[in-house]
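Just below is one structure, and these are the notes that go with it.
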Amino acid sequence: MTMETYDIYFKDAYDSANKGFSIKNKEKAIRMAEDMLAERKGYVKDFVGGTISVVRKETQEEVWSKAIGE
């Protein structure tokens with residue numbers, strides 16, 4: 001079985017960024033992303049109007065996503 005790792009990505013119409021994480025648990029990665037969104041941490045302030053998402057690094061599959069509101 002291959003190791004799955006997840007990272008947190010931010011994107012809007014103009015740019016994208018990711019944290020560079022290699023989180024081994026999908027649920028933990030989603031919780032971290034939700035916390036960043038709630039606390040306006042990480043790149044959240046830079047990507048208002050865009051999205052925050054959790055991506056499986058091995059396949060680039062987006063497994064969770066939410067809009068970043070005002």
Side-chain angles (χ1 to χ4, degrees):
M1 186 171 147
T2 58
M3 174 68 73
E4 293 180 4
T5 56
Y6 299 87
D7 196 2
I8 298 174
Y9 280 73
F10 301 83
K11 65 182 173 223
D12 64 16
Y14 309 103
D15 200 7
S16 65
N18 65 296
K19 295 298 285 183
F21 293 142
S22 290
I23 303 162
K24 292 177 178 69
N25 179 291
K26 179 169 68 173
E27 289 73 25
K28 181 179 179 184
I30 292 170
R31 276 195 311 275
M32 287 178 70
E34 288 175 330
D35 288 347
M36 281 183 197
L37 192 56
E39 297 169 16
R40 313 298 281 176
K41 288 188 175 172
Y43 292 113
V44 171
K45 292 186 288 286
D46 298 331
F47 288 92
V48 170
T51 58
I52 180 173
S53 57
V54 173
V55 174
R56 181 177 173 197
K57 291 175 78 170
E58 291 73 18
T59 62
Q60 292 299 298
E61 173 193 6
E62 187 176 88
V63 296
W64 175 92
S65 181
K66 274 200 177 165
I68 300 172
E70 295 291 326

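- Under the 4.5 Å side-chain heavy-atom criterion for grouping Ile, Leu, Val, Met, Phe, Trp and Tyr, Y9 is not connected to V48 through any hydrophobic cluster.
- In this structure, R31 CZ and E34 CD are separated by 9.0 Å, a value rounded to the nearest 0.5 Å.
- Residue R56 holds its CZ atom at 6.5 Å from CD of E61, rounded to the nearest 0.5 Å.
- When atom types are taken as modelled, the side chain of K45 and the backbone of R40 share a donor-acceptor pair closer than 3.5 angstrom.
- The two residues T51 and S65 make their nearest non-hydrogen contact at CB-OG, 4.0 Å.
- Residues meeting the side-chain hydrogen bond (donor to acceptor under 3.5 Å, both in side chains) test with T5, sequence neighbours left out: E58.
- Annotation: side-chain contact (heavy atoms from CB on, under 4.5 Å) contacts of A33 (sequence neighbours excluded): I8, I52, V54, W64.
- Inter-residue side-chain proximity for F10 and I68 is flagged as met; some heavy-atom pair is nearer than 4.5 Å.
- Remark: side-chain polar atoms of K57 are paired, donor with acceptor, to backbone N or O of F21 under 3.5 angstrom.
- Criterion: ILVMFWY side-chain heavy atoms under 4.5 Å apart, direct or through other members. Under it, V55 and I30 are not part of a common hydrophobic cluster.
- In this structure S16 satisfies the side-chain contact (heavy atoms from CB on, under 4.5 Å) test together with K11, sequence neighbours excluded.
- Residues M36 and Y43 are not in side-chain contact: their nearest non-hydrogen atoms beyond the backbone lie 4.5 Å or more apart.
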